Structure formats: C-alpha cells, structure tokens
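Inspection log for the structure reproduced underneath, given as structure tokens.
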Amino acid sequence: MTNYEIARVFTRMADLMEVQGENPFKIRAYRKAADTIRDLTESLESIAARGALETVPGVGKGIAEKIEEIVATGTTAALEVLRAQVPEGLPELLNLPGLGARTVQTLHKELGVGSIADLERAAKEHRVRGLPGMGAKSEENLLRAIESYQRLSERWPLGRALPYAERLVDALAKAPGLVRLEIAGSIRRMRDTIGDIDLVGAAQDPGPVMEAFRNLPQARETLLSGPTRSSIRTHEGLQVDLRLVKPEDFGALLHHFTGSREHNIRLREMAEAKGARINEYGVFDVKTDAEIRLGPDEADLYRFLGLPYIPPEIREDRGEIEAALAGRLPRLIEASDVRGNLHGHSDWSDGAVPITTMVEAARSLGHAYIAITDHSKALGVAGGLDEERLRRQMAEIDRLNAAEPGIRILKGIEVDILGDGALDLEEGLLAELDIVIGSVHSHFRQDEATMTARIVRALERGVVDVLAHPTGRLIGQREPYAVDVERVIEAAVATQTALEINANPARLDLSDLHARRARERGALISINTDAHHPREFGHFRYGIATARRAWLEPEYVLNTWSLERLRKWLTERRQASDARRQ
DNA sequence: GCCGTTTTCGGCCCGACTGTTTTCAGTCG
C-alpha cells in the first residue's frame, strides 16, 4: 500500500463526509492529513512499523489507527460504513463549479440525485428550481457547469500555464488605467501543475480594466464579474481570475493571492498574536479596525511579522516559517548560478541539431561547459549510439574542443539502465567519458522491489555520475514508475551519484519534494534541461523553480560549479568507486 | 479529527460574488 493510495482513502472519506454534512473541521482534518501523507517521502508502512505515525503533522490518534488498519487490511471500517451510506456518484457532484456540500445534500435528499447524470436529468426536467434557494438561473448554471466539467478540468503543467499567463499579462497590460499587473497564485509559486490562473493588478478606476479583461480574445465566457474581482473561462477551458485594488494596497493583494493558503493562514495566526488582521487590502488593527500602514512591498508584511522575506516558491507551510524565525532560510539557487548543462542531445541520436549548434547556443547563454549526452544503443527508436559511433563522437568532440570554442564540451552519454540494472554500454568505454548520465527508458511496469533493485544495482557499479529523471513521470501523461525513492536517494548518497532535476516541464523529475528530501539526506543534485534543441535551454527556468521549491542552495547543485570543481568532483567520485569495488 | 511557551476544551482565515433572498446562505479562492 503506497502513501498515495492511503492518502486516497482519506480524500475519499472526506468527500463522502462532505456530502453527508459532517463537521467541516473534521473533513478538513482528513484532507490535511491526506495532503501531508501524499507529500511524505518515507512510506507510511515503515513509519507505522516504528510506531511513529502520530509524529506526522495532522495525524493524531484517530487517523493513526485508521492508517494501521489500512496498512493491514487495505481499507478501514470507517470508509466502508460511509460507502454504504452514500451513493457512489454523489461526491463527484462537488467537482461541479458552484455546487457545494449543502446543495448536493439537498439535491440528494429532495430529488434523489445520486450522480451527475441524475442531476442533468433533474435540471432538464426543471425539477431543481422548486428547491429552496434554487431558481431557473441556478438550473441553467448547473447545466452549463456539467457541460464544461465533462469537456475539460484537468490541471495544466507549469510549462503550459506560465507562458499562457504571460501572454494574458501582455494582452492586458495596455488596459486603460492599469498601473500594476502580476501573475500570482500557484504559478508564482511555480508549482509543477496548476488548476487556474490568478492575476492581480492595481488601478485607481478598476472598471475599464475589468472590461478589458472580460473582452480578452482568450475569454470564452465570463464566470463572474464585480468591481474588485472577475473570472473568465478561456477557450481552452482554464479559469482565470483577476483581482484589482488601489495601487497603495497592491503589495497586500499580491501576497494574499500568491498563497499558499496554508502559508497565509500561518501568517494570519502570527498577526493575531500582534492584535492584527491580514487581508488582501493590508494589515488592520483588530480592535480599532484602523489600517496599520506598511510599505508597498511584500517584504514589509514579513518585516511587520518579524520575519525575513520568504520567496514565493517555498510559501507552502513546509517549515519555511520556522526556518525564517530561526534565521535559517536557505539562499535559494537562481538562474544566474547555472554554469552549464550536463544532459542534452544532438543529432547523433534524437536531438534536432548538430553538436556545434547546441554548443553555440550554450556559449551564447554564457555557460562555461556543456555535456553532449546522446542516447545509448538500447534506445533504437532514438538512434542510440553503439560503441563504434560513440567513439567517433568522442573524437569529434575532441576536435571541437581543440578549436577552442569558448566553452568546454564534455564527452558524455545518456546510457540506458537495462531491465536487470546492467548498463547498455561496456563499462570500460563509459569510464573514458567525462560524464555518464544513467536513465531508465524501458520495462516501466516492473514492481517496486524490482525497479528499485535495478536502479540501485546500476548506481552501485560506480560508473554513473548522474541519475537522470529518477522516477520517470510525465506530468499528466504517465505516472512515475513504482520505485522506492528513499532507497534510491540512499544509494545515490552511498555511491556519490548526483540525482537529476530534469528541467523539462513535462517531467520536473525529481519533483520538488523528492529533491528536497534528497538534499536533506546529503545527495548532490544536477539541474539539466535534457535539451533536444537549443530552444529547450529555456527549460532551465522550470528546473531552477523546482530546485527553489526544494530549498536548494547553489552549493549542492553540480552545474553551478566551475568547470575545474566539476571535473575534480567527477575524477574523485570515480576514484572512490574504484576503491570501493576492490 | 487535530492541536496547544496563552489552552487538554474550544477553537480551527477572511472577504467577494451570485442568486435568491427581503437580510442572507452558499460557494469559492
């Protein structure tokens, strides 16, 4: 039973309790526990085995008992009781925008609605409008909600959402009277996927800006519209919210809608201790309701609370407030720290352009080095290199380096880790390369024990310098393969293998949480674009963002190092591997 | 159901918009 599966049990219980009208705080407790569990890197089974369940935040006596029950039996009696009481399809109604628990209960009780199909029928037959608080307009809105729910409603990867939001900002920037406009919400925090776009702005007169917003070419329909807040749905089905305040309140607004909700709640609790209330307009004295005037920046708010500025990427209530209080916030890595790309492809395998084109692009970015790491022969579809072609490529790179291209080209390979943990090329040859990236591209369906052992075995050979995209996930397309990340991190530390944060926004693998865990355990990280074309060097922004969310300082990221330091590390780790194997 | 250098009981963020209301409940972020 994975943590993810156990979390799903509690989420399901929360859904069922919600449509039953159970105590909202109890429901929240279950959801919070589920979120926490999903984020753990250690398996609940092993936490349970050492009797430490109640040390997990949000897990108390009740939920701990249920976890033990789930670990032992696969389910819990409490869930089965709820299931017996509530129709299977009822919780799904909560996904319809505008429909909450109270209305779902009424629909179920009064009309016998037990699924979205039931609701659609009832609305079409005008049976909904007879209910208290429901009219013809409500019926219409429900039918629209059902229609749009069936059409869309998946989360967007950051790599799609961020550029889209930036285009919206560009389009809106010309609106009359607009003085500030920023992307807030989960995009500003750079989460790997996002559910909607939050824009915040400032204007003395919000009317014309709101009108321009509703009339954006991207807007398919207006969901709601008021003087300070409007929402549209785009043609692609994504919801976009715009909030506007007076320019002097902009800092408070930006902070409020950057979130995360959990982070903001913590700050409000801290404000309460100072007799102050925080909302999107500023900070107010609880007693007099008078505004406590702060400066215009987010930093002023943190200063008021006695905290240093906390960057958006780590505002998740995952320990950042405690770290800030203790003066121990990390100096997060920045894009300008990057000195090279250690995983990328050329047209020798499945890259789009010749080595020289990739090299020139990297040089123009100001990088000091670039590794060419084409695929190995097992990846036939990608034109992977066999021994003979790899030797020719190595000679080619030697020639290019001899011509002093203004950047160091490292000879590398992305070698396949085969099904049994062997490497796809002869290890003597691999040892001649400057850098070896190892990765899994096959047999994704192996069970967790087999996959974990396979990767650990590959690392223990000591030849792989960097383990690429360690979990194999493709966001929104493919689940990570079953692998015990904790064990892989352990092996990476023991063998001094760096773990990759693959910066491709479809991967972001390691994820923020896994990367943070890896760092905590002492692993080194390499942030790589895995570029197959020069334009994909632009993906660094996503890799950096993930690293920042993982609390990474540049010190622990290989490719922020100078070429000399990097080469020294590569040499020493191989010597250590050789020594270990003797 | 969880949690506690204020508390082991009584809290658990705060405000905008909608649709239906004669003053507010429900929903959302």
Side-chain angles (χ1 to χ4, degrees), chain A residues 10 13-14 17-18 21-37 53-67 76 78 93-107 128-142 144-145 184-187 189 194-200 206 210 222-232 239-245 249 252-253 255-284 286 289 317 325:
Chain A
F10 290 120
M13 288 181 69
M17 286 190 284
E18 195 153 2
E22 180 57 273
N23 172 5
F25 297 109
K26 183 170 168 180
I27 295 166
R28 188 198 291 176
Y30 274 92
R31 291 202 193 284
K32 199 170 160 61
D35 286 345
T36 309
I37 289 167
L53 284 174
E54 288 188 49
T55 64
V56 176
V59 175
K61 194 157 174 290
I63 290 181
E65 279 171 8
K66 290 185 181 69
I67 292 172
T76 162
L93 292 177
L94 293 172
N95 296 336
L96 296 174
L99 204 52
R102 299 301 298 268
T103 314
V104 169
Q105 287 165 48
T106 310
L107 288 166
V128 173
R129 62 181 60 176
L131 299 177
M134 305 289 274
K137 184 85 179 184
S138 315
E139 245 167 22
E140 205 178 290
N141 286 344
L142 280 176
R144 262 228 311 268
S186 48
I187 298 184
R189 301 200 314 280
I194 68 108
D196 63 11
I197 293 177
D198 290 304
L199 301 179
V200 295
M210 284 301 185
T222 300
L223 298 174
L224 48 88
S225 99
T228 71
R229 174 179 177 193
S230 293
S231 297
I232 58 171
Q239 182 173 330
V240 185
D241 296 340
L242 173 64
R243 301 287 301 240
L244 291 173
V245 291
D249 294 334
L253 181 73
H255 183 269
H256 181 88
F257 282 101
T258 296
S260 68
R261 185 171 312 189
E262 291 72 20
H263 176 86
N264 286 357
I265 288 173
R266 290 290 308 279
L267 295 189
R268 288 191 192 129
E269 286 167 2
M270 291 178 69
E272 200 188 338
K274 292 180 178 293
R277 186 180 76 241
I278 301 174
N279 63 29
E280 57 262 59
Y281 301 105
V283 180
F284 299 85
V286 169
D289 231 25
D317 190 21
L325 281 169

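In what follows, chains are A, B, ... by sequence order, proteins preceding strands, each numbered from 1. Computed from a predicted structure; not experimentally measured.
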From CA spacing to verdict: side chain to side chain contact (heavy atoms under 4.5 Å, CB included), A:His256, A:Val245: CA-CA 12 Å; A:His256 181 88; A:Val245 291; over 6 Å; no

Sugar-phosphate only, base, or nothing, as touched by A:Ala33 at under 4.0 Å among non-hydrogen atoms: nothing

Contact nearer the 5' end of DNA chain B, comparing A:Ala276 with A:Val104: A:Ala276

Nucleotide forming a Watson-Crick or wobble pair with B:dT27, both distances under 3.5 Å: B:dA16

Residue-phosphate contact under 4.0 Å: A:Thr103 side-chain N/O, B:dT27 OP1/OP2: yes

A:Thr228 vs B:dC17: side-chain N/O to OP1/OP2 distance below 4.0 Å: yes

Protein-nucleotide distance (A:Glu262, atom CD; B:dC3, atom P), rounded to Å: 15 Å

Spacing of the P atoms in B:dA16 and B:dT21 (rounded, Å): 24 Å

Sugar-phosphate, base or nothing in reach of A:Tyr30, heavy atoms under 4.0 Å: sugar-phosphate

Phosphate contact (B:dC12 OP1 or OP2) by A:Lys32 side-chain N/O below 4.0 Å: no

Residue A:Asn279, side-chain heavy atoms: nucleotide from B:dG1, B:dG15, B:dG29 that is nearest: B:dG15

Closest nucleotide among B:dG19, B:dG1, B:dC14 to the A:Ala29 side chain: B:dG1

Spacing between A:Glu139 atom CD and B:dT20 atom P, to the nearest angstrom: 10 Å

Test log, rule side chain to side chain contact (heavy atoms under 4.5 Å, CB included), inputs A:Tyr281 and A:Thr228: CA-CA 11 Å; A:Tyr281 301 105; A:Thr228 71; 4.1 Å; yes

Gap between atoms CG and P, on A:Asp317 and B:dC3 respectively (whole Å): 13 Å

Whole-Å distance separating the CD atom of A:Glu272 from the P atom of B:dT6: 12 Å

Separation of the P atoms in B:dC14 and B:dC9, to the nearest angstrom: 25 Å

Sugar-phosphate, base or nothing in reach of A:Tyr281, heavy atoms under 4.0 Å: sugar-phosphate

Side-chain N or O of A:Arg102 closer than 4.0 Å to phosphate OP1/OP2 of B:dG26: yes

Touch class at under 4.0 angstrom, heavy-atom based, for A:Ser231 against every strand present: nothing

Candidates B:dG29, B:dC17, B:dG1 - which lies nearest the side chain of A:Asp196: B:dG29

Sugar-phosphate, base or nothing in reach of A:Leu223, heavy atoms under 4.0 Å: nothing

Whole angstrom value for the distance that separates C1' of B:dA25 from CG of A:Leu131: 15 Å

Heavy-atom donor-acceptor pair, A:Gln239 side chain to A:Asp196 backbone, under 3.5 Å: no

Nucleotide nearest A:Arg277 when distance is taken to its side chain, options B:dG1, B:dT20, B:dC14: B:dC14

Rounded distance (Å) that lies between atom P of B:dC28 and atom CZ of A:Arg31: 12 Å

Side chain to side chain contact (heavy atoms under 4.5 Å, CB included) between A:Asp289 and A:Arg277, worked out: CA-CA 9 Å; A:Asp289 231 25; A:Arg277 186 180 76 241; 3.0 Å; yes

Electrostatic pair A:Glu280-A:Arg229, nearest N-O below 4.0 angstrom: no

B:dT8 versus B:dC2 - spacing of their C1' atoms, nearest Å: 12 Å

A:Ile67 and A:Ile37: CA distance, side-chain angles, deciding distance, side chain to side chain contact (heavy atoms under 4.5 Å, CB included) verdict: CA-CA 10 Å; A:Ile67 292 172; A:Ile37 289 167; 4.2 Å; yes

Residues A:Arg266, A:Glu262: salt bridge by 4.0 Å N-O rule: no

Sugar-phosphate only, base, or nothing, as touched by A:Glu269 at under 4.0 Å among non-hydrogen atoms: nothing

Whole angstrom value for the distance that separates C1' of B:dG15 from CG of A:Asp241: 14 Å

Donor-acceptor contact below 3.5 Å, side chain A:Arg189 vs main chain A:Thr258: yes

Listed nucleotide nearest any side-chain atom of A:Leu224, set B:dT18, B:dG19, B:dG26: B:dT18

Sugar-phosphate, base or nothing in reach of A:Pro57, heavy atoms under 4.0 Å: sugar-phosphate

Between B:dC14 (P) and A:Phe257 (CZ): distance, integer Å: 14 Å

Residue A:Lys137, side-chain atoms from C-beta onward, closest of B:dT20, B:dT18, B:dG29: B:dT20

B:dT18 OP1/OP2 closer than 4.0 Å to side-chain N/O of A:Ser138: no

Under 4.0 angstrom between A:Asn141 side-chain N/O and B:dT18 OP1 or OP2: no

A:Glu54 atom CD, neighbour heavy-atom count above 12 within 6.0 Å: yes

Sugar-phosphate only, base, or nothing, as touched by A:Ala14 at under 4.0 Å among non-hydrogen atoms: nothing

Sugar-phosphate, base or nothing in reach of A:Pro227, heavy atoms under 4.0 Å: sugar-phosphate

Sugar-phosphate only, base, or nothing, as touched by A:Lys61 at under 4.0 Å among non-hydrogen atoms: sugar-phosphate

Sugar-phosphate, base or nothing in reach of A:Ile27, heavy atoms under 4.0 Å: nothing

Nucleotide of B:dT18, B:dG29, B:dG15 approaching A:Gln239 most closely (side-chain heavy atoms): B:dG29

A:Val56 vs A:Gly135, nearer the 5' end of DNA chain B by closest nucleotide: A:Val56

C1' spacing across the pair B:dG15 / B:dG10, given as an integer number of angstrom: 24 Å

Nearest-angstrom distance, P atom, B:dT23 to B:dC28: 25 Å

Sugar-phosphate only, base, or nothing, as touched by A:Arg261 at under 4.0 Å among non-hydrogen atoms: base

Interatomic distance at P, B:dG1 relative to B:dT6, whole Å: 28 Å

